[in-house]
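Below you'll find the structure, written out as structure tokens, and then a few comments.
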Amino acid sequence: MYALHLLLALAAPAQRPDSLAAVVREYVTVDTTLLALTHVLLVDGTGAAPKPDQSIVIRAGRIVAVGPAASVQIPAGAHTMDMSGSTVIPGLIGMHDHLFYTAAGGRAVQMSYTGPRLYLGSGVTTIRTTGSRSAYAEINLKDAIDHGFTPGPRIHITAPYITGAAGGGSMAVVNSPEAARRFVAYWGAEGATWIKAYTDIRRADLGAAIQEAHKRGMKVTGHLCSVSFQEAVALGIDNLEHGMLTASDFDSSKKQDVCPVTFMAQVSQSDPRGSVAQATIQSLVQHHVSMTSTLAVYEPFVANRPTKDERVLQAMDPGVRDSYLKMRQQIDTNANGGWISGRAFQSAMAFERAFVEAGGNMAAGVDPTGIGGALAGFGDQRNYELFIEAGFTPAQAIRIMTANGARILGVLQTLGTVEPGKMADLVVLRGDLTADPSVIRAPTIVFKDGVGYDSAKLLASVQGRVGVN
Ligand SMILES: [Zn+2]
């Protein structure tokens with residue numbers, strides 16, 4: 001019975017709600033059953049080379065035709081929008097996209113208001129929460145979005161974090177395999193589809209959590225340290241967060257089940273293409289364990305990077321902005337080149353290149369935490385620019401940010417690429433993304449379920465409120 005129910009739940013296509021509340025409709029600019037977007041530059045999420053002068057036909061929220069503008073038949077009665085000069089990409093799939101925010105100065109808030117608007121307005125149409133602090137706020141927000149009561153992305157719920165005795169705070173400390181199983185069973189019943197393990201969990205407890213999760217059709221990811229990447233792969237984990245800078249495989253002094261204090265210093269000096277890196281990457285690739293890149297949350301810890309984006313500063317609450325700029329000053333004048341060195345940051349990029357070159361499935365997310373310099377949505381966009389800096393092509397970077405995430409979430413059949421049969425989640429960007437990476441910052445219309453949302457209006461609604469609610 002349980003298995004059948006699960007099967008139906010997974011097979012059911014995401015549906016747009018029957019009606020959208022006024023608070024959602026105020027952001028809607030396009031809502032028509034039959035729509036054609038013509039003459040776009042398409043980066044379709046499959047990794048294929050960008051295609052100029054394409055047309056996309058959308059019927060009842062689904063993509064029904066994609067191809068050269070000269071050959072795609074526009075059905076009679078279609079609302080046709082000439083998008084010459086724009087790029088279209090799939091809706092971004094944010095795989096480390098929390099609905100809480102932590103900032104310089106010690107602020108930490110749930111983003112039930114700003115989060116969904118920032119994500120959707122920035123072109124992120126699907127998020128995985130990847131660890132929650134107020135799980136019910138997130139479960140209820142997902143429900144409100146799914147029912148058309150509030151604007152926002154599709155949400156895949158992750159339970160509260162689980163960690164070990166050395167951790168704590170807002171996280172569940174699991175001290176036995178039995179406690180780990182009990183935790184997973186409870187949150188699975190409440191609607192979580194993912195478990196997030198954190199830096200102090202022990203192998204036995206992580207292993208039990210993974211077993212229980214898999215039994216229930218759930219998946220497990222981790223921001224690990226006490227357990228190395230290779231140990232977690234052996235335990236059957238599905239996904240690993242953050243890449244090289246959280247891989248304690250690089251610390252040769254590490255004791256089992258303990259996060260070493262020397263870890264960051266060790267990994268910062270390590271070779272991202274050396275023997276440890278290769279063994280770690282091979283372990284993930286062979287066992288089909290995916291990795292989530294979160295370059296945008298690391299960058300603000302590095303001195304003298306372009307981390308004073310005016311859009312970010314304007315969206316922040318003034319007190320949060322002051323604290324951020326003070327901390328910026330401390331980091332930018334730090335004698336060691338910041339709290340994360342430029343070298344470590346470059347190594348993290350090189351490790352990600354090596355992982356993808358080895359055939360690894362890498363996705364991306366913003367992780368709007370740390371000192372609060374990477375905001376929901378804006379930081380997802382920043383990841384694109386950082387992937388280009390890291391040496392990925394535009395087609396590769398977009399695939400990482402769309403189809404690869406959809407594969408990890410198990411929704412690639414319905415989302416993640418711009419192809420016939422998929423849900424019409426796509427982003428219209430003003431300009432040529434392949435010529436200028438900053439075009440990722442310029443969504444004009446963000447389509448979710450074929451409904452077009454006004455990006456500028458969504459983003460205007462959060463000005464000065466990030467760090468408040
Ligand atoms: Zn996180």
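Order of appearance sets the numbers: ligands from 1, and atoms from 1 within every ligand.
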Side chain to side chain contact (heavy atoms under 4.5 Å, CB included) partner of H156, chosen from T129, V411, D97 = V411
Under 4.5 Å between any side-chain heavy atoms of I195 and I162, yes or no?
-> yes
Supply the atom-to-atom distance T292 OG1 to L240 CG, rounded to the nearest 0.5 angstrom.
-> 8.0 Å
Measuring from the Zn ion (ligand 1), name the closest N, O or S atom belonging to H96.
-> NE2
Roughly how far, to the nearest 0.5 Å, is OH of Y161 from CD1 of I201?
-> 13.5 Å
With the Zn ion (ligand 1) as the point of reference, which N/O/S atom of D367 is the closest?
-> OD1
Just wondering, is there an N, O or S atom on H98 that's nearer than 2.8 Å to the Zn ion (ligand 1)?
-> yes
